[in-house]
Amino acid sequence: MKLHELTIHQLHELLVRKEVTSREVTEALYRRIDEVDEKIMAYLMLTKEEAFRQADEVDRKVIKGEKIGDLAGIPIGLKDILCTKGIRTTCGSKILGNYVPFYDATVVQKLKEREAVFLGKLNMDEFAMGSSTENSGFHITRNPWDLQRIPGGSSGGSAAAVAADECMAALGTDTGGSIRQPAACCGVVGLKPTYGRVSRYGLVAFASSLDQIGPIAKDVEDCAILLNGISGYDPHDSTSVNIEVPDYKQFLVNDVKAIRIGIPDEYFVEGMDPDVERSVKDAIDLLKRLGAEVKAISLPHTPYAVAIYYIICTAEASSNLARYDGVKYGFRSKRYDDLLEMYGRTRAEGFGKEVKRRIILGTYVLSAGYYDAYYRKASQVRTLMRNDFDKAFKEVDVIITPTAPTPAFRLGEKVENPLQMYLSDILTIPVNLTGIPAISIPCGLSREGLPIGLQIMGKHFDEGKIIQVAFTYEQNTEFHQKRPTLI
Ligand code: GLN
């Protein structure tokens with residue numbers, strides 16, 4: 001096996017046994033990036049100097065015989081929405097094109113304390129708005145399985161980089177599906193933790209009642225290791241919850257006996273790709289054969305999810321993005337006569353089309369006279385959706401669905417039709433609206449050879465259970481070992 005193909009847990013073993021150094025692996029990954037990133041374009045920026053410094057530090061510890069943790073010396077990538085001290089953080093937007101944060105996001109800080117090696121910052125849809133990474137203010141990213149297709153979004157750079165072995169794992173963020181949908185499109189594993197499990201301090205805000213940070217990795221074990229590394233209460237984020245974080249590795253158990261799995265009829269939507277439906281149903285059958293108890297459940301408010309999401313997320317985005325006015329951060333227009341014109345031009349020139357569309361929509365749904373009709377109504381239906389899940393989780397431990405209705409679509413296919421693009425998240429959005437955790441794991445290949453994702457949702461703060469079911473599925477199948485061959 002080549003060094004860049006290793007998983008986190010495999011590399012950790014080799015580092016401990018002194019069979020390889022972190023510097024060697026970091027070099028191998030940069031070589032891999034040199035070789036393939038021209039085609040994939042997953043990275044926005046590489047941070048070589050800092051990476052080698054981090055790697056050498058770990059290597060010195062190993063030589064001295066010191067014990068190292070399971071993330072020490074492991075090269076990973078960061079979605080460019082996470083603030084990195086002294087390193088440009090663009091959020092995929094021209095308006096933050098020259099923004100250099102003076103602090104680290106809490107997750108970055110935590111991974112630094114665990115001595116991970118950061119290879120660079122990964123491409124994304126501008127302000128995480130999108131499902132294809134085509135909304136990046138800088139360039140598109142291609143799917144390593146088929147260069148004519150999207151890698152998913154908005155964490156498309158993260159998922160594509162993991163799938164193309166350009167990093168061992170990555171952090172992404174998920175507001176409506178942005179970890180799980182790209183993970184599904186690229187044939188890797190992505191986990192969106194419970195709202196409150198991971199601090200969002202230093203995450204550039206899109207929709208604050210939905211945003212969450214999580215791992216994208218090559219297998220379930222690596223996801224558990226990274227989740228251990230980033231979880232926990234943080235006084236800097238008032239929405240992070242102060243309850244104990246279990247060691248997620250204890251849930252890497254190959255056993256689903258007596259686990260109750262719910263299958264919601266509403267998730268096998270019209271227009272679903274037949275290959276997706278077949279693969280997911282096969283996966284459910286396998287889990288049943290392995291001893292799980294499978295039963296039909298109903299989540300009746302599912303059909304409203306996309307509509308509610310696009311009211312709530314645009315409302316929150318219009319408020320969160322008000323801060324980019326040319327005064328406090330990044331870009332400022334060069335052409336203006338007075339203050340108001342400076343604000344206007346800065347925003348007109350700095351934001352892309354999709355971001356503007358959302359600010360306009362969000363401002364509208366919050367405006368006097370419309371607030372009750374849209375925002376308040378959406379919040380009420382959101383509560384009904386939450387009740388649906390609470391009821392379902394009285395009968396089952398996890399819920400299984402496809403991650404996305406189709407495999408990766410073609411580049412350009414949905415750019416002109418935002419509604420079509422919005423619909424690609426129909427199966428992931430309810431998880432964010434209700435705050436529960438969910439994972440996407442590879443469960444098959446379509447007839448065209450494209451990866452298909454299986455979504456497993458759990459109760460609030462029950463990441464352990466979804467890890468257990470995902471791990472069991474993985475141990476009994478080989479889909480997670482499949483890698484794109486074109487490069
Ligand atoms: N695709 C969804 C959107 O465009 C979700 C994005 C996300 O999770 N950040 O809003």
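What's counted below: heavy atoms across the whole structure, side chains too, no hydrogens, waters or symmetry copies. In this text the structure is predicted, and so the values were computed from the model without any measurement. Each ligand, and each atom within it, is numbered from 1 in the order the structure gives.
Proximity of Phe206 to ligand 1, defined as any heavy-atom pair under 4.0 Å, is confined to the side chain (atoms from C-beta onward). Only side-chain heavy atoms of Ser154 come within less than 4.0 Å of ligand 1; its backbone N, CA, C and O stay farther off.
Here atom 4 (O) of ligand 1 lies nearest to Arg358 when heavy atoms of Lys79, Arg358, Met421, Arg180 are compared.
Salt bridge absent: Asp222 and Lys218 never bring a charged side-chain N and a carboxylate O closer than 4.0 Å.
Proximity to Gly130 (heavy-atom distance under 4.0 Å) selects the following atoms of ligand 1: 1 (N), 2 (C), 3 (C), 4 (O), 6 (C). Within the listing of ligand 1, atoms 6 (C), 7 (C), 9 (N) sit less than 4.0 angstrom from a heavy atom of Ala128. The atoms of ligand 1 that sit less than 4.0 Å from any heavy atom of Ser131 are 1 (N). Residue-ligand proximity, Gly176 to ligand 1, at heavy-atom distances under 4.0 Å covers atoms 5 (C), 7 (C), 8 (O). Against a heavy-atom cut-off of under 4.0 Å, Tyr310 is close to the following atoms of ligand 1: 2 (C), 3 (C), 4 (O), 10 (O).
Ser318 and Arg358 share no donor-acceptor pair across their side chains, judged by distance under 3.5 Å alone. Between the side chains of Lys79 and Ser158, no donor-acceptor pair is found at a separation under 3.5 Å. Defined by atom type and a distance below 3.5 Å, a donor-acceptor pair is present between the side-chain atoms of Ser199 and Asp234. Using modelled atom types and a 3.5 Å distance limit, the side chains of Thr89 and Thr84 yield a donor-acceptor pair.
Side-chain rings of Tyr324 and Phe127 approach one another, their centers coming within less than 6.0 Å. Between Tyr364 and Tyr370, the gap from one ring centroid to the other is short of 6.0 Å.
Of the polar atoms of Gly177, at least one N or O is found under 3.5 Å from an N or O of ligand 1, judged by distance alone.
Ranking protein heavy atoms by distance to atom 1 (N) of ligand 1, first place goes to Asp425 OD2, 2.5 Å. Nearest to atom 5 (C) of ligand 1 among the protein's heavy atoms is Tyr309 OH, 3.3 Å. Remark: minimum distance from atom 6 (C) of ligand 1 to any protein heavy atom is reached at Ser178 OG, 2.9 Å.
When the options Thr141, Ile40, Asp80 are evaluated for a side-chain contact (heavy atoms from CB on, under 4.5 Å) with Asn123, the one that passes is Thr141.
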